[in-house]
Amino acid sequence: SQHSLVEPSKSVWKMAHSSSFAGLREAIHNEEYEKCAEIAADLSKELPDDPEVAKCEAVALIHLGKYAACLAALEAKQRPVAEALVFEKAYALYQLNRLADALKVIAGADRAGGADSHALRTLEAQILHRHGRCGEAAELYTSLIEENEAANGQLDEAELVSNALASYTLSGRGAEGLVRLETRAADFLEEEDLDENHEVAYNAACACLDGGSLARAVALLDLADARLEHATSKAEVQEEAEAEAAPLAAAGSGPSPGAKGAKGGASKPPLSEEAAAILAQRAYALLRQSVPGSSGAAQAMLLCLKVIKALAAPPLAAQEQLVFEDHAVVAVAANNLAVVRRDREVFDSHKRLKAAATEATEGKMSASQVAATRLNKCLL
């Protein structure tokens with residue numbers, strides 16, 4: 001939500017580049033990020049001191065996922081312009097997993113109040129979390145929640161609470177996080193409210209698991225699952241309504257690639273990553289409550305396999321090893337599958353964990369998760 005494109009100020013329109021600015025404004029309005037990045041890059045050559053043009057280029061590249069190009073463009077800017085775009089530079093570094101560099105950029109920024117200060121500090125908390133400094137991230141999120149209340153809710157409090165709970169959990173302080181955030185978290189955990197963010201319930205469940213409140217964790221996972229299913233159903237209804245309202249295609253044009261026909265649409269994955277994460281936590285909860293060889297352990301194994309199979313990419317024909325997308329949840333499921341199997345099917349467990357816990361995936365995992373998967377790969 002912090003990556004919003006800005007339209008050029010009215011004073012700029014008096015300049016000789018009015019046609020280019022008109023094209024840029026239209027690209028922004030239509031969310032045509034490729035076109036926006038191209039026009040802004042051309043304008044930057046003529047107007048290197050214009051921070052609004054530089055911001056348009058940077059934010060468009062971020063929307064396109066071209067973080068290295070965004071960073072290169074920002075580093076080529078003159079100092080006053082670059083200093084005005086600290087958030088975009090730090091965010092690009094964060095997405096490139098250059099976490100220490102991103103924190104240095106934020107530390108050197110002028111963060112004297114305002115919305116930009118909140119945005120930078122929120123990003124800083126995210127980076128600390130990814131960097132494995134989850135205790136620091138938890139404290140920063142807690143401060144942001146308190147300041148957000150005093151500032152009449154400039155930031156998304158549900159997201160702040162959710163992220164704070166995640167940081168408390170991964171720092172081994174899940175129970176403490178639930179106590180410190182109890183009042184604010186309760187607002188987002190009403191069982192009757194299915195429209196609320198499912199991630200708050202999910203991360204509260206993880207905090208309960210960390211604190212040993214297993215029954216409460218399972219109940220919260222049920223709530224997270226119900227909210228996610230409700231949100232998915234609403235989105236599908238909205239998509240169907242938009243499709244019905246769209247004009248008919250010209251006669252003679254065939255279905256688009258991947259389409260099943262008039263009603264089917266493109267095929268969907270059997271399990272979303274959010275739903276898979278909930279299943280993976282259910283498996284973990286079962287493992288915590290079960291002994292080796294029990295029915296609970298067997299059910300946990302089946303859930304782990306379901307997650308792995310749902311999110312695995314099709315193996316390449318020329319390869320015998322499994323190929324996975326870089327889903328962190330797959331690595332966690334593969335790790336827990338190896339734990340529940342113990343000394344059974346060791347080669348299969350090793351193959352799955354090696355394929356899932358790649359260097360790319362580790363960049364999206366916490367330090368404790370990386371340590372656990374590496375240790376189990378060594379043991380296997």
Minimum-distance pair of heavy atoms, taken over all atoms of L287 and A300: CG-CB, 3.9 Å
Contact check, side chains of F188 and L181, non-hydrogen atoms, under 4.5 Å: no
Interatomic spacing from OG1 in T122 to CG in L140 - rounded to 0.5 Å: 7.5 Å
More than 12 heavy atoms from other groups under 6.0 Å of CD on E359: no
Short side-chain to backbone donor-acceptor contact, S294 and S290, under 3.5 Å: no
Any donor-acceptor N or O pair under 3.5 Å, side chains R227, Y202: no
A331 backbone acceptor or donor facing N335 side chain under 3.5 Å: no
Inter-residue atom distance C304.SG - R341.CZ, 0.5 Å rounding: 9.5 Å
Chi angles and distances behind the side-chain contact (heavy atoms from CB on, under 4.5 Å) call for Q126, R130: CA-CA 6 Å; Q126 288 179 268; R130 173 83 67 85; over 6 Å; no
Non-hydrogen atoms of D50 and E52 that approach each other most closely: OD1-N, 2.9 Å
Point-to-point distance, once rounded to the nearest 0.5 Å, from CG of L353 to CG of N376: 6.5 Å
Test item: side-chain donor near acceptor, T169 and D210, under 3.5 Å: no
Common cluster, L99/F87, ILVMFWY with side-chain heavy-atom separation under 4.5 Å: yes
Y94-I62 co-clustered via ILVMFWY side chain contacts under 4.5 Å: yes
Enclosure of R342 CZ (heavy-atom neighbours >12, cutoff 6.0 Å): no
Co-membership, hydrophobic cluster, residues Y141 and L170, 4.5 Å side-chain: no
Shortest non-hydrogen contact between V53 and A40, atoms and distance: CG1-O, 3.4 Å
Cluster check I127, V86: I/L/V/M/F/W/Y, side chain < 4.5 angstrom: yes
Within one Ile-Leu-Val-Met-Phe-Trp-Tyr cluster: Y168 and I145, side-chain cutoff 4.5 Å: yes
Positive for salt bridge (charged side-chain N to carboxylate O under 4.0 Å, His left out) with K77, one of E88, E83, E57: E57
Candidate pair V59 and Y91, rule side-chain contact (heavy atoms from CB on, under 4.5 Å), full reasoning: CA-CA 10 Å; V59 174; Y91 186 81; over 6 Å; no
Exercise: identify the closest heavy-atom pair between C56 and C36: O-SG, 4.0 Å
Atom pair CG/CD of L144 and E147 - distance to nearest 0.5 Å: 5.5 Å
Backbone of Y284 reached by a side-chain donor or acceptor of N336 within 3.5 Å: no
Under 3.5 Å: donor-acceptor pair, side chain of N197, backbone of E199: yes
Atom NZ of K377 with >12 non-hydrogen neighbours under 6.0 angstrom: yes
Any donor-acceptor pair under 3.5 Å from T373 side chain to V370 backbone: yes
Parallel, tilted or perpendicular, as decided by the 30° and 60° cut-offs, for the rings of H63 and Y33: parallel
Steps toward side-chain contact (heavy atoms from CB on, under 4.5 Å) verdict (T232, E229): CA-CA 5 Å; T232 303; E229 185 176 348; 5.7 Å; no
Side-chain (S143) to main-chain (E139) donor-acceptor, under 3.5 angstrom: yes
Closest heavy-atom pair and its distance - L64, A37: CD1-CB, 4.5 Å
Taking only distance into account, with no hydrogens and no angle test, what donor-acceptor pairs under 3.5 Å do side-chain atoms of residues 213-226 form with protein atoms, sequence neighbours excluded?
residue, atom, partner, partner atom, Å
D222, OD1, R282, NH1, 2.9
D222, OD1, R282, NH2, 2.7

Nearest heavy atoms of C70 and A92, plus distance in Å: SG-CB, 4.2 Å
Salt-bridge contact E34-K66 (side-chain N to carboxylate O under 4.0 Å): yes
Remaining members of the apolar cluster that contains V81, side-chain heavy atoms under 4.5 Å: L74, L85
Reported CG-to-CD1 distance for the pair L337 and I308, which is rounded to 0.5 angstrom: 5.0 Å
Gap separating the CD1 atom of I278 from the NE2 atom of H198, nearest 0.5 angstrom: 5.5 Å
Under-4.0 Å salt bridge between R133 and E136: yes
Short side-chain to backbone donor-acceptor contact, Q289 and A285, under 3.5 Å: yes
